[in-house]
Amino acid sequence: MEREVSGMRKYYESGKTKEASWRESQLKGLRSALMEKEEDILKALKQDLGKHHVEAFRDEVGILGRSIDVALKSLRRWMAGREAKLPKIAVLSRADIVPEPLGLVLIMSSWNFPFGLSLEPLIGAIAAGNAAVLKPSEMSPACSSLLATILASYLDNNAIKVFQGGPQLGQQLLCQKWDKIFFTGSAQVGRIVMSAAAQHLTPVTLELGGKCPAVVDSLSASWDTQVAAKRIVSAKYGSCAGQACIAIDYVIVERNFAPVLVESMKAWINKMFGENPKENNSVARVVNKQHFSRLKNLLDYPEAKNSLVFGGSMDEDSLFIEPTILVDPPLESEIMREEIFGPLLPIITVEKIEDSIQFIKSRPKPLAIYAFTNNKTLQRRMSSETSSGSIVFNDAIVQYVADTIPFGGVGGSGFGKYHGKFSFDTFSHEKAVMQRSFYTDFWFRHPPWTLNKFQLLQAAYNLDYFGMLLVLLGLKKTRRYSIWAAM
Ligand code: NAD
């Protein structure tokens, strides 16, 4: 592995990956891979996670195709950089902000969206002109192995490689020197990544998880309640069975409104997944037995079990957990302390919906907050008084699709951002390039120092050209003249 990594670094240093044509050819290669291997990808997602083909296309293949198209369309513009404004003192100069690739980067990803979470950052890494090693998760083996096969046959293997393995391989990779590590996973492993990166002063992006709340105001119109309930049910149970970093982790609702919301959600669960969800292929499966028993334990916690109002059935052999609703499990129970990452949804009731703001603020900053409300004051307060990676009003998880807004966490939910141009920026260094003329060499910027030079420097920093001229002619004194006159 070390030999391969050092070979990749040499290849990067040859300058090949910096060429616009190389970047375009790799992005096109990835686009072809997605189109030609779509069926295999959908099958692998079914095999590892029981994702329905339509869900898999919606959440992974479809989004990736779009991301590549956006990158291909915008690449030359992104690469061109931009001119920067300069202060007046830098007369007859020009400055540009020029993106340059970081070098050889490591992308470590999670299993819940094995293609999306691996290839979305890879698109940014390639567009920015880097060489990249990708380490997908061992927990989605069919997807990881397909990723390795596809990338090996569609992309330039001197610069882009997949390494398959688990935590041990992760550790070995982290011992290498990288120019950037882009990590998607748990906060616990995020800490390991960050301390390994510190040894080489390597910059990191950490895409972590946490508990994302959805606040549901007592909506007056029954249409709004229906739509809110539908979107909550679909976002929670209809996207990898709640095993998503931006899945709704719990709902906060006013006590009086809770029964209305729960009834509406039950009806939508029935409509979307049928009377017998276990037989319905629209419900994804829990990734493995370890996660299955983790989720089972969350529900088995006695007080949590007492708060069960819907669902709760499980089948370990098929790794199936029914879409489940709990109302007011104790706040100290595991289900309200740990990220759930599965199809269990606690509903927490409050006296007034405004209390939800304090509830959210008293917990670690989430990756996303969702608020279903038409109340503009509540929207404004929710947005300004809480902090989260993103906030969405009246829907959930849709922010992932929008490539014009940054995707990433804050505080405990991670740092750094990607998607669209943000991915390109994440894998680039914005180099400041300044161009000076040999003329206009202001004498007052060089020693020996005199009071007059001091005045002119003050003028240069604080005044416009006319003001500088007046100071030069002795017709104007700078503000702090009297203090420095005593020097
Ligand atoms: P994880 O941290 O266990 O694993 C992530 C990656 O790190 C995998 O590739 C794994 O092989 C590797 N790894 C695990 N242990 C390691 C170690 N000791 N040393 C080196 N590498 C190691 O996370 P997971 O179970 O894959 O994912 C679940 C978590 O990821 C949840 O918290 C979820 O919220 C979060 N997540 C966040 C996002 C996001 O975009 N913010 C997306 C998906 C998942």
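All values reported here derive from a predicted model rather than from experimental measurement. These numbers come from the heavy atoms of this one structure, side chains and all, not from hydrogens, waters or symmetry mates. Every number for a ligand or one of its atoms is a count from 1 in the order of the listing.
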Taking heavy atoms and a distance under 4.0 Å, where does Gln171 meet ligand 1: side chain, backbone, both or neither? both
CD-CD1 distance between Glu36 and Ile150, expressed to the nearest 0.5 angstrom: 10.0 Å
Using the benzene-type ring in the case of Trp, are the ring centres of Phe427 and Trp78 under 6.0 Å apart? no
With a 3.5 Å cut-off and no angle check, do the side chains of Tyr11 and Asp156 form a donor-acceptor pair? yes
Heavy-atom contacts with Thr184 under 4.0 Å: which atoms of ligand 1 show up? List them by number with element. 5 (C), 37 (C), 38 (C), 39 (C), 40 (O), 42 (C), 43 (C)
What part of Ser109, side chain from CB on, backbone N/CA/C/O, both or neither, has a heavy atom under 4.0 Å from ligand 1? backbone
Arg9/Asp179 salt bridge by N-O under 4.0 Å criterion: yes
In plain terms, say whether Lys73 and Asp69 are close enough for a salt bridge, that is, a side-chain N and a carboxylate O under 4.0 Å apart. no
Which part of Leu117 is near ligand 1, with near meaning a heavy atom under 4.0 Å away: side chain, backbone, both or neither? side chain
Just need the protein heavy atom nearest to atom 41 (N) of ligand 1, so name the residue and atom and give the distance. Leu208 O, 2.7 Å
List the steps, then state whether side-chain hydrogen bond (donor to acceptor under 3.5 Å, both in side chains) holds for Glu322 with Ser313. CA-CA 5 Å; Glu322 188 183 2; Ser313 73; 2.8 Å; yes
At a 4.0 Å threshold, what atoms of ligand 1 neighbour a non-hydrogen atom of Glu207? 37 (C), 38 (C), 39 (C), 40 (O), 41 (N)
Protein contact of atom 10 (C) of ligand 1 - nearest heavy atom, named by residue and atom, plus distance: Glu138 OE1, 3.7 Å
How far is atom 22 (C) of ligand 1 from its nearest protein heavy atom, and which residue and atom name does that atom have? Val189 CG1, 3.5 Å
In the protein, which heavy atom is nearest to atom 27 (O) of ligand 1, and how far is it? Ser110 OG, 2.9 Å
Between ligand 1 and Gly170, is the shortest N or O to N or O distance under 3.5 Å? no
In terms of heavy-atom contacts, does NZ of Lys296 have more than 12 from other residues, nucleotides or ligands at under 6.0 Å? no
For Glu120 and Ser67, which I'm curious about, is there any donor-acceptor pair between the side chains at under 3.5 Å? yes
Within 6.0 Å of CZ in Arg191, more than 12 heavy atoms from elsewhere: no
In the protein, which heavy atom is nearest to atom 2 (O) of ligand 1, and how far is it? Ser186 OG, 2.6 Å
Location of contacts on Ile192 toward ligand 1, heavy atoms closer than 4.0 Å: side chain
In this structure, atom 32 (O) of ligand 1 is nearest to the protein heavy atom Glu339 OE1, 2.7 Å
Does an N or O from Ser413, backbone or side chain, lie closer than 3.5 Å to an N or O of ligand 1? no
Element-labelled atoms of ligand 1 that are located less than 4.0 Å from some non-hydrogen atom of Phe407: 40 (O)
Would you call Glu354 and Arg381 a salt bridge, using N to O less than 4.0 angstrom? no
Regarding Arg294 and Glu339, does a basic nitrogen lie under 4.0 Å from an acidic carboxylate oxygen? no
In Å, rounded to the nearest 0.5 Å, how long is the span from CG of Leu299 to CD1 of Ile321? 8.0 Å
Numbered in order shown, the ligand 1 atoms found under 4.0 Å of a heavy atom of Asn112 are 43 (C), 44 (C)
Taking heavy atoms and a distance under 4.0 Å, where does Leu367 meet ligand 1: side chain, backbone, both or neither? side chain
When you look at Ser239 and Tyr400, which way does the side-chain contact (heavy atoms from CB on, under 4.5 Å) test go after all the steps? CA-CA 12 Å; Ser239 185; Tyr400 188 82; over 6 Å; no
Taking N or O atoms only and a 3.5 Å limit, does Trp111 qualify as a polar contact for ligand 1? yes
Could you list which atoms of ligand 1 come closer than 4.0 Å to a heavy atom of Cys245? 34 (O), 36 (N), 37 (C), 38 (C), 39 (C), 40 (O), 41 (N), 42 (C), 43 (C), 44 (C)
Protein contact of atom 30 (O) of ligand 1 - nearest heavy atom, named by residue and atom, plus distance: Gly185 C, 2.9 Å
Within ligand 1, which atoms have a heavy atom of Phe183 less than 4.0 Å away? 2 (O), 5 (C), 6 (C), 7 (O)
Of all the non-hydrogen atoms in the protein, which one sits nearest to atom 21 (N) of ligand 1, and at what distance? Met108 CE, 3.3 Å
Let me confirm one number: the CG-OG distance from Asn158 to Ser14, rounded to the nearest 0.5 Å. 8.5 Å
Phe113 contact mode with ligand 1 (heavy-atom cut-off under 4.0 Å): neither
Can you find an N or O of His291 that's nearer than 3.5 Å to an N or O of ligand 1? no
Could you go step by step and tell me if Trp111 and Phe341 meet the ring-ring contact (aromatic ring centres under 6.0 Å, His included) rule? CA-CA 12 Å; Trp111 47 263; Phe341 223 57; 5.5 Å; yes
Checking contacts here: is it the side chain or the backbone of Gln188 that comes within 4.0 Å of ligand 1, counting heavy atoms only? Could be both or neither. neither
